[in-house]
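I have placed the structure first, in the form of structure tokens, so that the comments after it can refer back to it.
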Amino acid sequence: MNYNMSSLQYISQHLQHQKGTGNYRTLKNVRQQGKWVWQEDVRMLNLSSNDYLGLASDSELQAAFFRSTDLETARLSASSSRLLCGNFSSHEKLEQQLATLFGAESALLFNSGYHANIGILPAICDKQTIILADKLVHASIIDGIRLSNATSVRFRHNDYEHLENLIKKYAEQCQRIVVVTESVFSMDGDLADLPLLAALKHRYPNVLLYVDEAHAVGVRGENGLGVAEETNTLGEIDFLVGTFGKAVASMGAYVICKNEIRDYLINTMRSFIFSTALPPFLCDWTTFVLKNLPAQNAKRQHLQMISARMKEIVEKTGIACPSQSNIVPFVVGCSKKAVEIAEELQQHGFYALAVRPPTVPEGSARIRFSLTANMDFSDVERLEAVLFDIIKKYPIG
Ligand code: PLP
């Protein structure tokens, strides 16, 4: 290829800048095995996985699925979008299962949480819409907002007084307000107050509630349906989004909504219309895992207990930890220090990674400890000892 070198200089400059600020990213060659991850011949405890219940590495569960499936006829590609010839009974069965589980009118599948968030918001928002989104929402939601025609304002993280002031300010000026939040925040591991948001929605007639439960599905609630189930707010949320790539051990995403909204999305949502549908075989696997979700309560409880212990450990270092879930951040501030600490942790057998801007706000680089149910207390205690040794070398604050 004959690239004009000077026109590509900005790329090398950008990469140099990333390296200089400790924000350069590379792909790691790692192999996952249960709660472990292998890098070449080194085994580390995997603190970076979203396999929160350990189901993606549960070979017995996988074998049971294979036994229950006719592998000869398994369809590994949908070969088209749902609106052409890619609508299989596997998709419809999974959507029906979701609607039944959530006690809702309907559900619609997407290829990923990213597809869901970049597609739903532009579809449902127009120039007469205001989106009010929590300051810490995920990049996929931010991209969805950017692709929409709506005006958007971010409210301070979990600050519902700020949110209500914004609602009051815009309620008269626009046709609808879409309030967007995550239920478990992906980088801080804290929770939105869904009952409070539901009550707020009831006070203003033109407010719709959009909640992303990517990190809560499987992990929270009596049947693993998320924080909305846990807080009895399932019926209050207009767009209840969840993903399968984390605790559900699969791939894809869904929205739980009313029939009419589903029909509207099928007609208008670009990332749904213009993309090949999920492989039917994968939908069958998701259906199988979802059937097993209610039976995972012991794992959910264990995960909560080891996560609470991990939060205690972080707080013992003197650093505030907002976590209310199995995502436990250790905020060190500067990216370079976060990378150095992550490397030290890896040298001591803990595969924890630095999360840096732009994934998190400037000055809040961190180690994101992601705990999974197949870890035990002794893993967390070993980590405590190592973490305290490391921070003697790299004082924080
Ligand atoms: N929503 C949130 C809150 C996330 O944290 C993520 C991914 O980490 C996504 C959506 C994207 O989901 P997916 O990985 O299925 O694209």
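Numbers for residues simply follow the sequence, beginning at 1.
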Qualifying residues under salt bridge (charged side-chain N to carboxylate O under 4.0 Å, His left out), relative to Lys127, sequence neighbours excluded: none

Centroid-centroid under 6.0 Å between Tyr254 and Phe244 rings: yes

Distance-minimising heavy-atom pair for Leu191 and Gln324: N-OE1, 2.7 Å

Axial cation check for Tyr394 ring with Lys337, 6.0 Å and 45° limits: no

Aromatic ring proximity Phe88/Phe281, centre distance under 6.0 Å: no

Residue Lys169 excluded, over 12 heavy atoms near NZ under 6.0 Å: no

Validation row, ring centre His157 to ring centre Phe185 under 6.0 Å: yes

Residues Asp284 and Lys93 bridged, charged N to O under 4.0 Å: no

Atom of Ser49, atom of Asp51 and distance for their closest heavy-atom approach: OG-N, 2.9 Å

For Thr233 against Leu194, the heavy-atom pair lying closest together: OG1-CB, 3.7 Å

Sole residue of Glu92, Glu95, Glu105 in salt bridge (charged side-chain N to carboxylate O under 4.0 Å, His left out) with Arg262: Glu95

Co-membership, hydrophobic cluster, residues Ile145 and Tyr170, 4.5 Å side-chain: no

Polar side-chain atom of Glu213 near backbone of Val227 as donor-acceptor pair, under 3.5 Å: yes

Residues, nucleotides or ligands: over 12 heavy atoms within 6.0 Å of Asn29 CG: no

Stepwise salt bridge (Lys or Arg N to Asp or Glu O under 4.0 Å) check, Glu344 with Lys393: CA-CA 10 Å; Glu344 285 269 348; Lys393 252 170 93 178; 2.4 Å; yes

By salt bridge (charged side-chain N to carboxylate O under 4.0 Å, His left out) - contacts of Glu315 (at least two apart): Lys311

Nearest-0.5 Å distance, CG of residue Leu94 to CG of residue Leu290: 6.0 Å

Heavy-atom pair of closest approach, residues Arg366 and Met187: NH1-O, 2.9 Å

